[in-house]
Amino acid sequence: MHGFEAHPAVRVSGSMVVPGDKSISHRALMLSGIAEGISDIDGFLASEDCLASLAAMRALGVRIERPSPTRILIHGVGLHGLRGAGRPLDMGNAGTAMRLFTGLLSAQAFDSQLIGDASLMKRPMERVAKPLREMGADVRTHHGTPPVDIGGARHLHGIDYQMPVASAQVKSAILLASLYGEGTTSVTAPGVSRDHSERMLKSCGVRVLSEGLRTTLYPPQCLIAQTLTVPGDFSSAAFFVVAGLLAGASEGLLIRNVGLNPTRTGLLDILRSMGGKIEVLNPRESGAEPLADLLVRHSSLKGVRVSQDLISLAIDELPVLFIAAACAEGETWVTGAEELRVKESDRIAAMSSGLTALSVAHEPLPDGMRIEGRGEGNAFSGGHVDSFGDHRIAMSFAIASLRAAAPITIKDVANVATSFPGFVSLAHSVGLAIRDTAW
Ligand code: S3P
């Protein structure tokens, strides 16, 4: 099995660029594939998750050229130009791909089946199947989990849906299906979730209205092809933001071209409330998305109670926040984050297991975690940690090595390639001492 050996390092410094945004890359493939004309997408994330979406779009009849690993030219087939793959579409580890494709494919003239790896086959799919069935779609799950079977040639109609969870994947699946529905569709969420779909749909000429937590889509005649540079993934930058706070050199660590969509950046607010010194430099736009450079300096952090309204804006970054919290003075409380239980792993259980292995006093909660921070100095003992095959757990514990008394070995890290190709070499370039090992 593939593992990491992360050795304590003194400081991180320099300048870096993280790979493209995963959420935007998935959406760019799907929306460009059903647009009219050729879309030119630069900064595409060539990770396993996004390559699963790319392969699926090709299997559905979309021609996609790759002049370089991170640039793709997508020859859109129009709203009604997809054709059946004739075989199950394998989404690998990608929950976003499976949920968004469920929406897109529920409106097509042909049948489809979606499958995934062992982790994805256990994840909840009824949350998308239910509203799609309300729209008239034929979507079947296996006791709530994949395989997802989708019957084609259904006539979809618009709905007014009240989402029980603040999920961008559910919202996006409904919006994709509603492109084909008769009448408008509205989705109302209980909290803010990432709005990349809405932004990109608007760029493609679709009328989408966002009023507070309610999003309404008016079915278009067609989608316009797009030219887009995908910003760096904030969720990938997050590991290095925390690295810079825990061990930044005096001149700081500069992370360039980071997507700063406000529906994604809850971690910045949380870390700043803990005393984190993070400067946003050179703010600009790339297409419909804001981006900037982040300069992060070593900071003495203090524990906080994380405000509920920041949870859905930081959901993917909570594992690495737990690492920062272990290095803060005093207690940090995260609650209202029960969604962590149904990510690529049960992230509360996985983080608790690793924190225990590294001698961090903490208490896993049904919907979060209480962590007793150690303050300045080493917060982690060193030891063996299991990532449970979850990329964000693996990378979070790699960052913990910056404040560990002894090396941390991390088991089962192959899934880092699902979101962050080149993580180890990039980490090396700014001073972390992480090695790939056979476990
Ligand atoms: C994503 C939405 C989030 C997030 C996931 C990516 C997306 O999931 O955790 O990594 O691209 O829409 P939920 O929608 O389930 O919160």
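First listed ligand is number 1; within each ligand, the first listed atom is number 1. Count residues from 1 along the sequence. What's counted below: heavy atoms across the whole structure, side chains too, no hydrogens, waters or symmetry copies.
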Item checked: Intermediate values then yes/no, ring-ring contact (aromatic ring centres under 6.0 Å, His included), His362 and Phe322 -> CA-CA 10 Å; His362 72 285; Phe322 297 165; 9.0 Å; no
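The protein residues lying under 4.0 angstrom from ligand 1, judged by non-hydrogen atoms, are Ser23, Arg27, Thr96, Ser167, Ala168, Gln169, Arg194, Ile315, Asp316, Lys343.
Between Arg347 and Asp390 there is a salt bridge, since at least one side-chain N of the basic residue sits less than 4.0 Å from a carboxylate O of the acidic one. Taking a cutoff of 4.0 Å between a charged side-chain nitrogen and a carboxylate oxygen, Arg392 and Glu344 do not qualify as a salt bridge. With salt bridges taken as basic N to acidic carboxylate O contacts below 4.0 Å, one links Arg133 and Glu126. The existence of a salt bridge linking Asp117 and Lys122 is excluded, since no basic side-chain nitrogen approaches an acidic carboxylate oxygen closer than 4.0 Å.
Below 30°, between 30° and 60°, or above 60°: for Phe420 and Phe239 the angle between ring planes is between 30° and 60°, a tilted geometry.
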